[in-house]
Amino acid sequence: MKRKLGIACLCVMLFSCCFAASDRLVVACWNVENLFDTEDDPLNEGDDGYTPRGWMRWTEARYALKRQHLADVIARMRPDILGLTEIENRRVLEDLVRTLKERHGYEMPHVLHRDGDEKRGIDVAILSKHAAVSTNWIRSVSGQREVLIGEFIIGGRALTLLVNHWKSQLGKKDASDEIRRAEALTVRAYLDGRLASDPAAALMVAGDFNDFPSSPILKDAAGFATEERRVLGDRSGRLLYNLTGTLPEDRRGTYYYAPKQQWNTLDGIMVSRGMLAEADPGAPWGVLRGSYEIFKSDEQCDKDGRPLPFRRVRNKRVGDVYYTGYSDHFPVRVTLYAR
């Protein structure tokens, strides 16, 4: 009798553990600042600076240290699904997965990536604990980064994540704005199609948007609102909630632009209306209130609390300086709960 009770208790414990593991889901996204290997790809001029003889003096030792630093942060964030931007190729992703496992015992075995034709040779990607059931890419402007769409079914509940890295603001403002607007409209068209067929779909749009939450490109063209009431009150159901709106304005910075000594909110996560607690009908996954954050630790910051980059910097006063930090962007993350 005792043996039967013991087996029954063990089964209950295993069931509880499995349920707990699928009841919560951490989704994060991070611009990891030029994760390149040290090999020169003759088909990719964008990697020329990231070789031992290139501008960055990108040696195997520096590449290994960069991976170790990224793995340290990822292990602390403990994401189930992680969107990444500024990735050179699949090799660096597999190297990062291996470093994460060897250094921390943290496994993210599923890699979503393909080589694009972006001019700097950088792509977007997803690392995940869960296998995707579908993977797609969309792009609106040739020579720019693609949008990666990963679809998952976890614990019987569907979730779609779009990972973005929109055009930077370098160059002429009108030209860069136009490209980002085209990227926003392309994402918007995809979202409209999905929501038209399933208004309660759990859709997340994450990444580095290279624009501000208040910009017309994010607010109007893409339909990302920072006001939860506005999203809940939108009868069309089209608006997504920009989770940056959950943070006080003085705690929204993900990137520090040194020339203007200005904090910018370039990175974020947006969620479809159905993922909000008050939404009816609700999506299969909901946003755990208060869980969205810009993830940073003391090690990731310089003495003034700014992101500590990993790169060589030209300095006329003291000579070239090599920073061996983490990334010039802070990652963002949010916890979801199963409904």
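Heavy-atom basis, side chains included; hydrogens, waters and symmetry copies ignored.
Look at Arg91 and Glu94 and you find no salt bridge, because none of the NZ, NE, NH1 or NH2 atoms lies under 4.0 Å from a carboxylate O. Arg188 and Glu183 are not joined by a salt bridge, as no carboxylate oxygen comes within less than 4.0 angstrom of a charged side-chain nitrogen. Using a 4.0 Å cut-off between charged side-chain N and carboxylate O, Glu278 and Arg273 make no salt bridge. A salt bridge does not link Asp328 with Arg306: every distance from a Lys NZ or Arg NE/NH1/NH2 to an Asp or Glu carboxylate oxygen is 4.0 Å or more. A salt bridge is absent between Asp174 and Lys172: the closest approach of a Lys/Arg side-chain nitrogen to an acidic carboxylate oxygen does not fall below 4.0 angstrom.
Environment of CD in Glu249: sparse, with no more than 12 heavy atoms of neighbouring residues, nucleotides or ligands closer than 6.0 Å. Around atom CD of Glu45, no more than 12 heavy atoms belonging to other residues, nucleotides or ligands sit under 6.0 Å away. The 12-atom threshold is not exceeded at CD of Gln261, counting heavy atoms of other residues, nucleotides or ligands nearer than 6.0 Å. More than 12 heavy atoms of other residues, nucleotides or ligands shown are found within 6.0 angstrom of NZ on Lys296. The number of heavy-atom neighbours closer than 6.0 Å to CZ of Arg53, taken from other residues, nucleotides and ligands shown, is 12 or below.
Checked by atom type, the side-chain pair Arg67/Thr99 shows a donor-acceptor distance below 3.5 Å. Counted by atom type alone, Asp23 and Tyr337 present zero donor-acceptor pairs between their side chains at under 3.5 Å. A donor atom on one side chain and an acceptor atom on the other are not found under 3.5 Å apart for Thr186 and Arg139. Side-chain N/O atoms of Asn31 and Glu86 include a donor and acceptor closer than 3.5 Å. Between the side chains of Asn89 and Asp37, a donor-acceptor pair is found at a separation under 3.5 Å. In this model, no donor atom of one side chain and acceptor atom of the other lie less than 3.5 Å apart for Asp267 and Thr265.
In this structure, the side-chain hydrogen bond (donor to acceptor under 3.5 Å, both in side chains) partners of Thr38, at least two apart in sequence or on a different chain, are Glu60. Evaluation of the side-chain hydrogen bond (donor to acceptor under 3.5 Å, both in side chains) rule for Tyr106 yields no partner, not counting sequence neighbours. Here Trp30 pairs with nothing under the side-chain hydrogen bond (donor to acceptor under 3.5 Å, both in side chains) rule; sequence neighbours left out. Annotation: side-chain hydrogen bond (donor to acceptor under 3.5 Å, both in side chains) contacts of Thr246 (sequence neighbours excluded): none.
With ring centers used as reference points, Phe310 lies under 6.0 Å from Trp58.
Closest of all the heavy-atom pairs between His110 and His130 is CD2-C, 3.3 Å. Summarising the geometry of Asn164 relative to Thr85, their closest heavy-atom pair is O-CG2, 3.5 Å, with the distance given to 0.1 Å. In plain terms, the two heavy atoms of Phe152 and Ser128 that are nearest each other are CE2-OG, 3.6 Å.
Cation-pi contact between Arg62 and Tyr322: present, with separation from the ring centre below 6.0 Å and deviation from the ring axis of at most 45°. In this structure, Arg312 is positioned above the aromatic face of Trp55, its NZ or CZ under 6.0 Å from the six-membered ring centre and within 45° of the axis.
Atoms CG and CZ, on Leu191 and Arg238 in that order, are 9.0 Å from each other to the nearest 0.5 Å. Considering OG of Ser176 and CD1 of Ile217, their distance stands at 7.5 Å, rounded to 0.5 Å. In this structure, the separation between NZ on Lys129 and CD on Glu107 is 7.0 Å, given to the nearest 0.5 Å. Considering OG of Ser215 and CZ of Phe209, their distance stands at 10.5 Å, rounded to 0.5 Å. Here Leu84 contributes atom CG and Ile74 contributes atom CD1; the two are 6.0 Å apart, rounded to the nearest 0.5 Å. Rounded to the nearest 0.5 Å, atoms CD1 (Ile87) and CG (Asp115) are 11.5 Å apart.
In this structure a side-chain-to-backbone donor-acceptor pair under 3.5 Å is missing from Arg252 to Asp250. In this structure a side-chain-to-backbone donor-acceptor pair under 3.5 Å is present from Asn315 to Arg317.
Residue Ile153 shares its hydrophobic cluster (ILVMFWY side chains chained together at separations under 4.5 Å) with Val133.
Taking the six-membered ring for Trp and thresholds of 30 and 60 degrees, Phe224 and Trp166 have nearly parallel ring planes, at less than 30 degrees apart.
Under the salt bridge (charged side-chain N to carboxylate O under 4.0 Å, His left out) criterion, no residue pair touches residues 253-266, with sequence neighbours excluded.
Screening Tyr257, Tyr255, Tyr256 for a ring pair (Phe, Tyr, Trp, His ring centres under 6.0 Å) with Trp263, the sole residue that qualifies is Tyr256.
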